[in-house]
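Each remark here refers to the structure printed beneath this line.
Heavy-atom basis, side chains included; hydrogens, waters and symmetry copies ignored. Atoms within each ligand, like the ligands themselves, are counted from 1 in listed order.
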Amino acid sequence: MTESTTGIVPIDIEVSSQVATHWYNLNADFPEPTPPALNPATDEPLIPEDLAALFPMSLITQEISTERFIEIPQAVREVYSLWRPSPLHRAKRLERAIGTKAKIYYKYEGVSPTGSHKPNSAVPQAYFNKLEGIERLTTETGAGQWGASLAFACALFGLESETWQVRSSYEQKPYRHMQMEVYGSSCHASPSELTEAGRRMRAEFPDTTGSLGMAISEAVEVAMRDPKTNYALGSVLNHVMLHQSVIGQEVLAQLTQAGEEQADVVFGCAGGGSNAAGLMFPLLGQNLREGTTTRFVACEPAACPSITKGEYRYDFGDVAGLTPKLKMYTLGADFVPPAIHASGLRYHGMSPMLSHAVHMGLIGATAIEQKDCFRAGITFARAEGIIPAPESTHAIAGALRYATTDARGGEVIVIGLSGNGVLDLTAYSGVLG
Ligand SMILES: *Cc1c(COP(=O)(O)O)cnc(C)c1O
């Protein structure tokens, strides 16, 4: 294959000026720095070499960067232009349906090829790995959105991916692993027999439905074994928050175009924190630099309430303790959440950057029951037509609760609609009974 057919060299697509040219890094504007990740062997702050077995140096540099803007490579902007900028819609029918005087907007990431915000980071991760000579990426996935998005990105850049999917989701959501196979990648139910970590877990807990923490242990183990294989993480880490900043940067421009001075309250769902951070951080950065007064609410499931019920402390990202220790809101690395439908929100921890913003009082959080989320999702679908991903219904439920109780007339509410739910219809039909 030549470089140009693998996609890492730009293929001269004319990219709209509305596609961001840089990612925005909130680590340039935080009043106090985000606590660093620690090497689990020494409890000292990580140095780039500690991560080199798993990630390419370009992504490690982004992980620790405090530059405000980092340029997006042209080949990545070309792929982004397939669906970016994503639409920001005013939800007037929804406003009417719930009888609010607030103005509700939603930023819709379901227009990407895999139906969620995840390709915003999968594409640059595949790109930077390919650039450094990597041939295969391993990863874990909950609902399957990340695995499918990484498989999509790998297909475009001539890489392969191998995904471990939480067993309960693998069984409940077969279309996602079929999607990965169409893109030329493979997917295993986790815990699997293919890794040390997986075999140990199966011996100890034969009936386990799996967890993201377990799946991470398997994917990391395989990546550590092979120098041509790296690991890719779809959320939590700083470089993922960075890539997702295209969402919020577009919202700032789109609100201006719509004639709004600022967003008053922004609601996003939070699993590992990437879509919420991507949406909120550019607006929060504007608050910190320019004195706008946008408020933010991270919405999480009552069944996996990392922020609202977890502790803010150093913890491992996975069950086996293979990952660096991260300062974050956590329910404990061995927490196995119930098999809720919003499986993308079943992670025990939370992005250290989002956690830091919450800890500093810059972002608020709320936990919402599954039935309230689906009710909000159905209200949204009947008013606006889009069937939201079960994860996204948390942001909708948070926003609707606010819009029908506390909101003032004319207040601008923005909902992060992180994905669509067309591959999650069994979850909806269960609720409709
Ligand atoms: C993965 C996923 C989430 C949760 O992950 P974050 O990193 O918290 O964004 C939310 N919504 C959708 C549609 C997802 O696929």
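By the 30° and 60° cut-offs, the orientation of the rings of Y80 relative to W23 is perpendicular.
For ligand 1, the atoms sitting less than 4.0 Å from at least one non-hydrogen atom of H117 are 2 (C), 3 (C), 9 (O), 10 (C), 11 (N), 12 (C), 14 (C), numbered in the order shown with element in parentheses. The contact set between ligand 1 and G419, taken as ligand atoms under 4.0 Å from a residue heavy atom, comprises 13 (C). Of all atoms in ligand 1, numbered sequentially from 1 with element shown, those under 4.0 Å from a heavy atom of G271 are 8 (O).
Taking only nitrogen or oxygen atoms, main chain and side chain alike, C269 does not reach within less than 3.5 Å of ligand 1. Backbone and side-chain nitrogen or oxygen atoms of N275 are examined, and one is located within less than 3.5 angstrom of a nitrogen or oxygen of ligand 1. For ligand 1, one of its N or O atoms has an N or O atom of G273 under 3.5 Å away.
Side-chain rings of H89 and Y108 stay apart, their centers remaining 6.0 Å or farther from each other. Aromatic ring centres of F128 and H239 lie farther apart than the 6.0 Å criterion allows.
Looking only at atom types and distance, the side chain of E67 has no donor-acceptor partner in the side chain of N25 under 3.5 Å away. No hydrogens or angles considered: nothing links the side chains of Q165 and T141 as a donor-acceptor pair under 3.5 Å. Counting only N and O atoms by type, the side chains of R401 and T366 include a donor and acceptor under 3.5 Å apart. Between E132 and S58, the side chains place a donor N or O and an acceptor N or O closer than 3.5 Å (distance only, hydrogens not considered). Donor-acceptor pairing under 3.5 Å is lacking for the side chains of Y105 and Q254.
Contacts between L345 and ligand 1 below 4.0 angstrom, taking non-hydrogen atoms only, involve the side chain exclusively. In S274, the parts holding a heavy atom less than 4.0 Å from any atom of ligand 1 are both the side chain and the backbone.
When hydrogens are left out, the protein atom nearest atom 12 (C) of ligand 1 is S418 OG, 3.4 Å; that is the closest non-hydrogen contact. Protein heavy atom at the shortest distance from atom 4 (C) of ligand 1 is G344 O, 3.3 Å. When hydrogens are left out, the protein atom nearest atom 7 (O) of ligand 1 is S235 OG, 2.5 Å; that is the closest non-hydrogen contact.
Proximity of A270 to ligand 1 is established by a heavy-atom distance of less than 4.0 Å. Under a 4.0 Å heavy-atom criterion, Q244 is not in contact with ligand 1.
One distance of note links CD of E162 with OG of S186; it measures 4.0 Å at 0.5 Å rounding.
In the candidate list Q145, E109, M350, K118, K118 is nearest to atom 3 (C) of ligand 1, counting heavy atoms.
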